[in-house]
Undergrad: 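Sending over a structure as structure tokens; questions will come in a sec.
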Amino acid sequence: MRKLIVMLFVCLPSLGFASGGGGPMMSANVDVTNTASLQRGAQTFVNYCLSCHSAQYMRYNRLAEDLGLTEDQVMENLNFTGHKIGEQMKIAMTGDDAQRWFGTAIPDLSVIARSRGADWLYTYLMTFYVDESRPFGVNNVRFPDVGMPHVLSELQGVTHAVFHEEVDEHGQTHSTFEEIEILSPGSQTEDEYERTVLDLVNYLVYMGEPAQVYRRSLGVKVLLFLAIFFVFAYMLKREYWRDIH
Ligand code: HEC
């Protein structure tokens, strides 16, 4: 039995890496309490992603509430699909269209941050690179042979991935990812692009659980309450037991 438990723990870390893809994971320091960053992320999301990907579990009026915007601001700046303020972030493309045009189903992004994680998403959006052998002329380090075009290339520019090739003792070549080089710049500098992607990932993390900011602040309040309550409970206990001890 003990052996079995040890085995389970030994195997656990490998499960985490099973999602595949190459190269190191870049880390995204997201902060869902940063409302300005969420607003910028939402802007990028509706402009660049919400044509192919839906976010069916998110409603526009919830965005207004959580991002500190009025409903009019949301309708003007974040809603280009013609849906009403109380509706979800849906798209016009059907599953059949996606299959025909992209050869694959396009996932809804509402809870993508919960399945992939912030670091994965950040690395994915940073590491598209030119690869003429692919249908859209681009490939991705994190998601090899991806079926998605590099929709942010006008911001990031034309990119090249540097791989380090190594031949092992069995004569097999292994290539490890080193870095992304910008061949011709886009409309943003490298720092600006990083910021854009961070804001976008921050927004995706928020969308994965819109109530998380409230949940965390409530959690802190509950713990504070329990700490203060403990003092009174303890004093009361001493009072009750005074004559006995
Ligand atoms: C032109 C259509 C199109 C646009 C625009 C687009 N995507 Fe995609 N995306 C796809 C397709 C197609 C796939 C499926 C790729 C595959 O499975 O090979 C995909 C896959 C993904 C995945 C991987 C999902 C998974 O876990 O399998 C993520 C994450 C993603 N897109 C994020 C984004 C973000 C963020 C944006 C906006 C910056 C965006 N996409 C814009 C077409 C698009």
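What you are looking at is a predicted structure, and each value in this text was computed from that prediction instead of being measured. Just follow the structure's listing: the first ligand is 1, and inside any ligand the first atom is 1.
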Undergrad: Assign the ring pair His150 / Tyr193 to parallel, tilted or perpendicular, where the plane angle (0 to 90°) is split at 30° and 60°.
TA: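 Aromatic pair His150/Tyr193 classed perpendicular.
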Undergrad: Give me the protein N, O or S atoms that fall under 2.8 Å of atom 8 (Fe) of ligand 1, sorted by chain and residue number.
TA: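 Result, waters dropped: His53 NE2, Met148 SD.
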Undergrad: What atoms of ligand 1 come within less than 4.0 Å of a heavy atom belonging to Leu200?
TA: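 Selected atoms, number and element: 35 (C), 38 (C).
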Undergrad: Is there a chain of hydrophobic side chains (I, L, V, M, F, W, Y, each step under 4.5 Å between heavy atoms) that links Met148 to Leu200?
TA: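 Both belong to a single hydrophobic cluster.
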Undergrad: For ligand 1, which part of Ser115 has a heavy atom less than 4.0 Å away: the side chain, the backbone, both, or neither?
TA: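 Neither part.
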Undergrad: Could you note down all residue pairs passing ring pair (Phe, Tyr, Trp, His ring centres under 6.0 Å) where residues 25-81 supplies at least one of them, sequence neighbours left out?
TA: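 Of all non-adjacent pairs touching residues 25-81, those that pass ring pair (Phe, Tyr, Trp, His ring centres under 6.0 Å) are Phe45-Tyr203.
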Undergrad: List the closest protein heavy-atom neighbour of atom 5 (C) of ligand 1: residue, atom name, distance to the nearest 0.1 Å.
TA: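 Answer, as residue, atom name and distance: Tyr48 O, 3.2 Å.
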Undergrad: Classify the side-chain pair Asp31/Thr33 by whether it contains a donor and acceptor separated by less than 3.5 Å.
TA: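 Present: a donor and an acceptor within the cut-off.
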Undergrad: Answer yes or no: is there a side-chain heavy-atom contact under 4.5 Å between Lys237 and Phe232?
TA: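 Sidechains of Phe232 and Lys237: no contact.
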Undergrad: Which of the numbered atoms in ligand 1 are below 4.0 angstrom from a heavy atom of Leu121?
TA: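 It comes down to these atoms of ligand 1: 29 (C).
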Undergrad: Restricting to side chain to side chain contact (heavy atoms under 4.5 Å, CB included), what partner residues turn up for Glu132, sequence neighbours left out?
TA: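 Partners of Glu132 by the side chain to side chain contact (heavy atoms under 4.5 Å, CB included) criterion, ordered by chain and then number, come out as Val130.
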Undergrad: To check your reading of the model: name the closest protein heavy atom to atom 14 (C) of ligand 1, its residue, and the distance in Å.
TA: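 Heavy-atom neighbour on the protein nearest atom 14 (C) of ligand 1: Thr104 CG2, 4.0 Å.
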Undergrad: Side chain, backbone, both or neither: which applies to Ala98 and ligand 1 if a contact is any heavy-atom pair less than 4.0 Å apart?
TA: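 For Ala98, there is no contact with ligand 1 at all, from either part.
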Undergrad: State yes or no: do Trp241 and Leu236 share one hydrophobic cluster built from I, L, V, M, F, W and Y residues joined by side-chain heavy-atom distances below 4.5 Å, directly or via other members?
TA: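 Looking at the clustering, Leu236 is in the same group as Trp241.
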Undergrad: Do the charged groups of Arg62 and Glu65 touch, with an N to O distance under 4.0 Å?
TA: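 A salt bridge is absent here (no side-chain N lies under 4.0 Å from a carboxylate O).
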Undergrad: Taking only residues two or more places apart in sequence or in another chain, which ones pass side chain to side chain contact (heavy atoms under 4.5 Å, CB included) with Phe229?
TA: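 For Phe229, the residues satisfying side chain to side chain contact (heavy atoms under 4.5 Å, CB included) (neighbours in sequence not counted) are Phe225, Ala233.
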Undergrad: What do the steps show when you test Arg195 against Asp191 for salt bridge (charged side-chain N to carboxylate O under 4.0 Å, His left out), and what is the final call?
TA: CA-CA 6 Å; Arg195 184 76 269 153; Asp191 286 351; over 6 Å; no
Undergrad: Among protein heavy atoms, which lies nearest atom 18 (O) of ligand 1, and at what distance?
TA: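 Protein heavy atom at minimum distance: Gly147 N, 2.7 Å.
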Undergrad: Can you list the atoms of ligand 1 that are under 4.0 Å from a heavy atom of Val146?
TA: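 Matching atoms, with element in brackets: 15 (C), 18 (O).
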Undergrad: Out of curiosity, is Phe45 lining ligand 1, as in a heavy atom under 4.0 Å away?
TA: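 No, Phe45 has no heavy atom closer than 4.0 Å to ligand 1.
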Undergrad: Which of the atoms in ligand 1, numbered in the order shown and given with their element, are less than 4.0 Å from a heavy-atom of Phe143?
TA: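 Near Phe143, meaning under 4.0 Å from one of its heavy atoms, ligand 1 has 16 (C), 17 (O), 18 (O), 23 (C), 27 (O).
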Undergrad: May I ask you to list the atoms of ligand 1 that are less than 4.0 angstrom from any heavy atom of Pro149?
TA: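 Near Pro149, meaning under 4.0 Å from one of its heavy atoms, ligand 1 has 1 (C).
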Undergrad: Please check if Val162 and Met25 belong to a single hydrophobic cluster, counting links between Ile, Leu, Val, Met, Phe, Trp and Tyr side chain heavy atoms closer than 4.5 Å.
TA: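 Each belongs to a different hydrophobic cluster.
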Undergrad: Identify the closest protein heavy atom to atom 26 (O) of ligand 1: which residue and atom is it, and at what distance?
TA: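 Among all protein heavy atoms, the one nearest atom 26 (O) of ligand 1 is Arg116 NE, 2.7 Å.
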Undergrad: Using the rule that two of Ile, Leu, Val, Met, Phe, Trp, Tyr join whenever any of their side-chain heavy atoms come within less than 4.5 Å, decide whether Val111 and Tyr122 are in one cluster.
TA: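 In one cluster with Val111: Tyr122, no.
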Undergrad: Starting from atom 28 (C) of ligand 1, locate the nearest protein heavy atom and write down its residue, its atom name and how far away it is, to 0.1 Å.
TA: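 Protein heavy atom with the smallest distance to atom 28 (C) of ligand 1: Tyr124 CE2, 3.4 Å.
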Undergrad: Could you list which atoms of ligand 1 come closer than 4.0 Å to a heavy atom of Phe102?
TA: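 With Phe102 as reference, the close atoms of ligand 1 come out as 1 (C), 2 (C), 12 (C).
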Undergrad: By number and element, which atoms of ligand 1 are closer than 4.0 Å to a non-hydrogen atom of Ser51?
TA: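 In order of number, 5 (C).
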Undergrad: At a 4.0 Å threshold, what atoms of ligand 1 neighbour a non-hydrogen atom of Ile112?
TA: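 Answer, ordered by atom number: 24 (C), 26 (O).
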Undergrad: We want to know whether Tyr206 and Asp66 form a side-chain donor-acceptor pair, criterion being a heavy-atom distance below 3.5 angstrom.
TA: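 There is such a pair between these side chains.
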Undergrad: Identify whether the distance between the nearest side-chain nitrogen and carboxylate oxygen of Arg100 and Asp96 falls below 4.0 Å.
TA: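 Salt bridge: no.
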